[in-house]
Amino acid sequence: MLKLFNTLTGRQEIFESIEQKNVRMYVCGVTVYDYCHIGHARSALVFDVLRRYLEYSGYAVTFVKNFTDVDDKIIKRAHEQGVSYDVVTRRYIQAYHEDMGKLGIRAATEEPKATEHIPAIVQLTEQLVNKGLAYVVDGDVYFEVSKYPEYGRLSKRRLEDLQAGARVDVDERKRHPMDFALWKSSKPGEPAWESPWGLGRPGWHIECSAMSIRHLSETFDIHGGGMDLIFPHHENEIAQSCGATGKEFARYWVHNGFVQINKEKMSKSLGNFFTIREVFEKSEWSEEITGEILRYFLLSTHYHGPLDFSDQALKEAKSALNGFYDLFNRLRENNGSGGSADGLLKAAVEQRRSSFVQAMDDDLNTPAAIAALQGLRSDVNKILEKGLSLEARKNARQEFRSMGNVLGLFQLDKWQFNIELAGTATVTGSVRADHLVRLTDTEIERMIAERNEARVKKDFKRADEIRNELAVRRIIIEDKPDGTTRWKR
RNA sequence: GGCGCCGUACCCAAGUGGUAAGGGAGCAGUCUGCAAAACUGCGAUGCAGCGGUUCGAACCCGCUCGGCGCCUCCA
């Protein structure tokens, strides 16, 4: 039974979906004016895992994740680059799919864009004006915060406590400093749509209300996003949506913690961020850090807490993941010991799977879930020594695949899978030393064959030379007892 | 000024009332031409500090110290 921490109530609650077998969830995506950084990756990943776990638990999931494709920053970026705003948004939406794809983040069921929902946005805004919850000034429409008595219930703030205007100038035309724009009149040269209040474009918050209602109906199960969206974005969504429909909006609000650099929030404004593609493309990481490693690292901390990003942490994730792939390789090999320990495997799998499920049920405790998988790895290593049949070895691999799928791990047959997928990315734009130039599998295998010939002749000097050559290119080899050799990058 | 989060071994990180999971790094051993992997063993009498509640607290309460976030666009 899944429990989730619900920001709305401040407590962990048992998750119960509105419909029996279908969960409807909405997650705030990104504003597409730049490449995504690791913080965006974490958020996308947390909800990708939530979705996968709901599916693992037997639900169908209708998952909506939006793109904010019209706003001030996009317009500014378009001006800087001298292109139309939709050139900017199209470019970064594509980049989003590329980057998140490398991380194994599945596309949502629906990925709506604000600009494709203008009529729904206008309609919702009109509804709020007609109900007296919003007012029009000079072609702008504002939501009147004091008309929604429950304003602040998500972020646990009282209107009086919000020292509005302390850090920004208050617009004199607003009735209350916290009133926010539903519709903004446009200046010449800006993207604009027709509306009852003249040419303009939507404010930031209204699109999520309009699109979630459109795609998931007025009340749905889960609404997610980063912690920084709690206020004002999600608070405003609640005010608008509940104000307009008179019904509850989302039932469970789930928010992920930040990625930090040296204990400080990673953000554009602080300038202390790494984009996802930088992690893959730049510096010495490029041959070494795959999407799966980044994914493992991002899941090694509970989603609710902060997560410090560092080179060392990534390397540790790689080492840990390496251990799993070493085992998978061994499972493919027949060590000729028969199936005397097959029965032990079943017991171990059942015990570890139960721990895994228990951890995931506990508010998506991925570190504890990973610990269960590590436990199974240790168990299987020991059992394998005692002797597993071919079928049992296949089953063991399948168990890792099945639980791993919830976390998006262990799906590949070969270590370094993503290098193949990302292929072109690893060589673009970076100067690399000769010794880092990538060897093909065939070249590696030829070198290993030569080394093994040398070993047979007891020419260990030559054998070690070849191993060193490979080592310099980050290829690690392991000699097996039968005289053959396995290798990995 | 308001609201909130965090502080567990060398590093990362679970655990939220019953006597400290897991990983990485390290050390020792088995195995090995060597190496790698795997396996075995070693590692917090203590969970920022100080008080309190309790038969019992890392977990509950209070205070103190330290770090961070939100209140402005932000995943």
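Sequence lines set the chain letters: A, B, ... in the order given, protein chains first and strands last, and positions in each chain run from 1. All values below were derived from every heavy atom in this structure, side-chain atoms included, with hydrogens, water molecules and symmetry-related copies excluded.
- Residues A:Gln12 and A:Asn6 bring no donor and acceptor atom of their side chains to less than 3.5 Å of each other.
- Remark: A:His97 engages A:Phe67, A:Ile93, A:Glu111 in a side chain to side chain contact (heavy atoms under 4.5 Å, CB included) (not counting sequence neighbours).
- Partners of A:Gln81 by side chain to side chain contact (heavy atoms under 4.5 Å, CB included), not counting sequence neighbours, listed by chain and number: A:Arg77, A:Val83, A:Val88, A:Arg91, A:Tyr92.
- In summary, the side chains of A:Tyr325 and A:Glu292 do present a donor paired with an acceptor at a separation below 3.5 Å, with no hydrogens or angles considered.
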(message) Can you give me the dot-bracket string for RNA chain B, 5' to 3', counting Watson-Crick and G-U wobble pairs with both distances under 3.5 Å, using [ ] for crossing pairs and | for partners on another strand?
(response) ((((((((.[[[..)..(...]]].(((((.......))))).....[[[[[..)....]]]]])))))))....
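- Contacts of A:Asn256 with the nucleic acid, taken as non-hydrogen atoms under 4.0 Å apart, include base atoms.
- In this structure, the nucleotide among B:A38, B:G69, B:G67 sitting nearest to the side chain of A:Lys263 is B:G67.
- For A:Ile476, the side-chain atoms get nearest to B:A36 when compared with the rest of B:G33, B:A36, B:C34.
- Along RNA chain B, the nucleotide closest to A:Pro232 and the one closest to A:Glu264 are compared, and the more 5′ of them pairs with A:Glu264.
- Counting any heavy atom pair closer than 4.0 Å across all strands shown, A:Phe460 reaches a base atom.
- The residue A:Val259 sits close to a base: some heavy atom pair falls under 4.0 Å.
- The separation of B:A44 from B:A37, taken at their C1' atoms, amounts to 29 Å, rounded to a whole angstrom.
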Between the protein and nucleotides 3-8 of chain B, which nitrogen or oxygen pairs come in under 3.5 angstrom?
none

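- Dashed line: the shortest gap from a side-chain N or O of A:Lys480 to OP1 or OP2 of B:A38 is not under 4.0 Å.
- Applying the 3.5 Å distance criterion, the base of B:G33 shares a donor-acceptor pair with the side chain of A:Asp464.
- In this entry the distance linking NE2 of A:His223 with P of B:A75 reads 13 Å, nearest Å.
- Using a 4.0 Å cut-off between charged side-chain N and carboxylate O, A:Arg277 and A:Asp99 make a salt bridge.
- Distance check on atom P: B:C39 versus B:G23 gives 10 Å, rounded to whole Å.
- By the 4.0 Å N-to-carboxylate-O rule, A:Arg52 lies close enough to A:Asp48 to be salt-bridged with it.
- Classification of A:Lys65 and A:Glu110 as a salt-bridged pair fails, no side-chain N sitting under 4.0 Å from a carboxylate O.
- Here the nucleotide nearest the side chain of A:Lys73, chosen from B:C73, B:A75, B:C68, is B:C73.
- Evaluation of the salt bridge (Lys or Arg N to Asp or Glu O under 4.0 Å) rule for A:Asp221 yields no partner, not counting sequence neighbours.
- Within the nucleic acid shown, A:Ile477 comes within 4.0 Å of at least one base atom, counting heavy atoms only.
- Atoms CG (A:Asn329) and P (B:A38) sit 12 Å apart, rounded to a whole Å.
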Can you tabulate the close N/O pairs, meaning under 3.5 Å, that link protein atoms to atoms of nucleotides 16-25 of chain B?
unit_1: B:G23; atom_1: N2; unit_2: A:Glu316; atom_2: OE1; d: 3.3

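- Counting to the nearest Å, the C1' atom of B:A36 and the CG atom of A:Asn468 are 13 Å from each other.
- For the C1' atoms, the distance linking B:U53 with B:A57 amounts to 10 Å, nearest Å.
- Relative orientation of the A:His205 and A:Phe180 rings is perpendicular, given thresholds of 30° and 60° on the angle between their planes.
- Between A:Leu307 and A:Gly29, the residue anchored nearer the 5' end of RNA chain B, judged by the nucleotide with its closest heavy atom, is A:Leu307.
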Please output the side-chain donor-acceptor pairs of residues 446-456 of chain A that fall under 3.5 Å, not counting sequence neighbours, one pair per line with the distance.
unit_1: A:Glu450; atom_1: OE2; unit_2: A:Arg462; atom_2: NE; d: 3.2
unit_1: A:Glu450; atom_1: OE2; unit_2: A:Arg462; atom_2: NH2; d: 2.8
unit_1: A:Arg451; atom_1: NE; unit_2: A:Ala463; atom_2: O; d: 3.3
unit_1: A:Arg451; atom_1: NH1; unit_2: A:Asp479; atom_2: OD1; d: 3.0
unit_1: A:Arg451; atom_1: NH2; unit_2: A:Asp479; atom_2: OD2; d: 2.8
unit_1: A:Asn452; atom_1: OD1; unit_2: A:Arg455; atom_2: NH1; d: 2.8
unit_1: A:Asn452; atom_1: OD1; unit_2: A:Thr485; atom_2: OG1; d: 3.3
unit_1: A:Asn452; atom_1: ND2; unit_2: A:Thr485; atom_2: OG1; d: 3.2
unit_1: A:Arg455; atom_1: NH1; unit_2: A:Asp479; atom_2: OD1; d: 3.3
unit_1: A:Arg455; atom_1: NH2; unit_2: A:Asp479; atom_2: OD2; d: 3.4

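- For the P atoms, the distance linking B:A14 with B:A38 amounts to 24 Å, nearest Å.
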Considering only distance and modelled atom types, tabulate donor-acceptor pairs under 3.5 Å from the side chains of residues 30-38 of chain A, sequence neighbours left out.
unit_1: A:His37; atom_1: ND1; unit_2: A:Gly39; atom_2: N; d: 2.9

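- Salt-bridge formation is detected for the pair A:Glu190/A:Arg201: a Lys NZ or Arg NE/NH1/NH2 atom is positioned less than 4.0 Å from an Asp or Glu carboxylate oxygen.
- With 3.5 Å as the limit, one finds no donor-acceptor pair spanning the side chains of A:Arg42 and A:Tyr303.
- Considering only residues two or more places apart in sequence or on other chains, A:Arg377 meets the side chain to side chain contact (heavy atoms under 4.5 Å, CB included) condition with A:Phe324, A:Leu327, A:Gln374, A:Asn381, A:Phe400.
- Here the separation of B:G56 from B:G17, taken at their C1' atoms, is 8 Å to the nearest Å.
- At a threshold of 4.0 angstrom between heavy atoms, the contacts of A:Gly39 include nucleobase atoms, whether or not backbone atoms are also involved.
- A:Arg330 comes within contact range of the sugar-phosphate backbone alone, with a heavy-atom separation under 4.0 Å but no base atom that close.
- No engagement by A:Asp71 is indicated, since no non-hydrogen atom pair under 4.0 Å with the nucleic acid exists.
- Distance check on atom P: B:C59 versus B:G49 gives 10 Å, rounded to whole Å.
- Here, B:U64 and B:A21 have their P atoms 33 Å apart, quoted to the whole Å.
- Looking only at atom types and distance, the side chain of A:Ser209 has no donor-acceptor partner in the side chain of A:Glu237 under 3.5 Å away.
- Side-chain N/O atoms of A:Lys382 include one lying less than 4.0 angstrom from OP1 or OP2 on B:U40.
- Within 4.0 Å of A:His255, counting heavy atoms only, lies no atom of the nucleic acid at all.
- Listed by chain and residue number, A:Phe309 satisfy the ring pair (Phe, Tyr, Trp, His ring centres under 6.0 Å) test with A:Phe297 (two or more places apart in sequence, or in another chain).
- Contact annotation: A:Asn381 side-chain N/O to B:C39 OP1/OP2 distance is under 4.0 Å.
- Within the nucleic acid shown, A:Asn262 has no heavy atom closer than 4.0 Å to any nucleic acid atom.
- Considering only side-chain atoms of A:Lys488, the nucleotide from B:A37, B:A75, B:G33 that sits closest is B:A37.
- Between B:G15 and B:G26, the two P atoms lie 28 Å apart (nearest whole Å).
- For A:Lys461, the side chain to side chain contact (heavy atoms under 4.5 Å, CB included) test picks out A:Asp459, A:Glu465, with sequence neighbours left out.
- Counting non-hydrogen atoms under 4.0 angstrom, A:Phe258 reaches a base of the nucleic acid.
- Taking only distance into account, the side chain of A:Asp479 meets the base of B:C34 through a donor-acceptor pair shorter than 3.5 Å.
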Within the sub-3.5 Å range, which N or O atoms of nucleotides 26-31 of chain B have a protein N or O partner, and how far apart are they?
none

